[in-house]
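First comes the structure, then the notes that go with it.
All values reported here derive from a predicted model rather than from experimental measurement.
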Amino acid sequence: MSKILVVEDDKDLAATVQKWLEAEHHLVELVHDGQRALDYLQASDYDLIVLDLSLPTVDGMTVCKTFRERGGETAILMLTGRTDVAEKERGLDTGADDYVTKPFSLREFAARVRAMLRRPRGVVSKSLQYQNIVLNPELHVVTKNGQSVHLLPQDFALLEHFMRHPGQIFTAEALIKRVWSTDSEATSDSVRSAIKRIRQKLDDEGDESHSIIETNRRVGYRLRQP
């Protein structure tokens with residue numbers, strides 16, 4: 001699962017894009033104006049930003065430029081109804097990574113999204129493995145010793161995040177920004193509860209000292225290093 005921010009003022013198109021991305025098991029957040037997009041980008045972390053050029057309050061070019069000036073490194077896929085090459089060049093110079101010109105087919109759009117998500121994180125559709133645990137993001141399936149294990153959607157997303165960043169420590173706040181939706185009321189207790197559920201499903205019975213998720217007190221959590 002990737003966390004994607006879609007910034008598009010055409011609500012019908014935005015809803016279609018959101019539905020398509022959610023069918024691919026991504027966490028999608030949707031805003032319809034540039035200022036709200038900047039607010040979301042300050043409040044949360046994303047794996048991809050889908051950004052329309054023509055937006056109310058703050059245009060897409062300015063959103064892109066401001067985000068980059070603030071140090072934002074997330075890949076940006078710009079949507080535009082313009083075919084002017086000079087305009088696209090300006091967008092790329094401002095910090096966009098790729099363009100899709102409207103109208104576009106959803107298959108083309110999905111291919112661009114997959115390509116951009118591969119750049120920083122590896123192929124999204126590949127299965128992830130940690131010892132005897134295998135997680136398939138595309139099929140949304142987790143197995144242990146070949147046996148299917150049912151996880152709640154939020155727990156699945158959290159486990160996937162840990163498996164994509166083996167050994168890396170995350171604070172509860174960082175996990176909330178990366179795995180929970182921006183408008184959720186998740187707290188540190190929410191993170192602890194999700195981790196507890198994952199441990200109950202995937203840890204070997206009676207072996208708490210070697211839990212799949214390691215707690216580093218006063219620091220955070222990480223996938224335990226073998």
Can you name the residues that form a side chain to side chain contact (heavy atoms under 4.5 Å, CB included) with R199, not counting sequence neighbours? I195, D203, S211, I213, T215
Of the options D9, L13, V7, which is the one that meets D52 in a side chain to side chain contact (heavy atoms under 4.5 Å, CB included)? D9
Under the ring-ring contact (aromatic ring centres under 6.0 Å, His included) test, residues paired with H32 that sit two or more places apart: none
Within this structure, what is the CZ-CG distance for the pair R224 and N216, rounded to the nearest 0.5 Å? 8.5 Å
Hydrophobic cluster mates of L152, side-chain heavy atoms under 4.5 angstrom, ILVMFWY only, any path? none
Below 4.5 Å, heavy atoms only, C-beta onward: do K201 and K144 meet side chain to side chain? no
Between CG of L202 and CD1 of I212, what distance do you get to the nearest 0.5 Å? 5.0 Å
When the ring centroid of F170 is compared with that of H161, is the distance short of 6.0 Å? yes
Partners of K65 by side chain to side chain contact (heavy atoms under 4.5 Å, CB included), sequence neighbours excluded? E69, T94
Do the charged groups of D98 and R114 touch, with an N to O distance under 4.0 Å? no
Under the rule for side chain to side chain contact (heavy atoms under 4.5 Å, CB included), what residues qualify as partners of Q131, not counting sequence neighbours? P226
About how many Å separate CZ of F109 and OG1 of T16, when rounded to the nearest 0.5 Å? 10.5 Å
Look up atom OG1 in T182 and atom OH in Y46, then write down how far apart they are to the nearest 0.5 Å. 3.0 Å
Can you pull the salt bridge (charged side-chain N to carboxylate O under 4.0 Å, His left out) pairs that have at least one residue in residues 26-39, sequence neighbours excluded? none
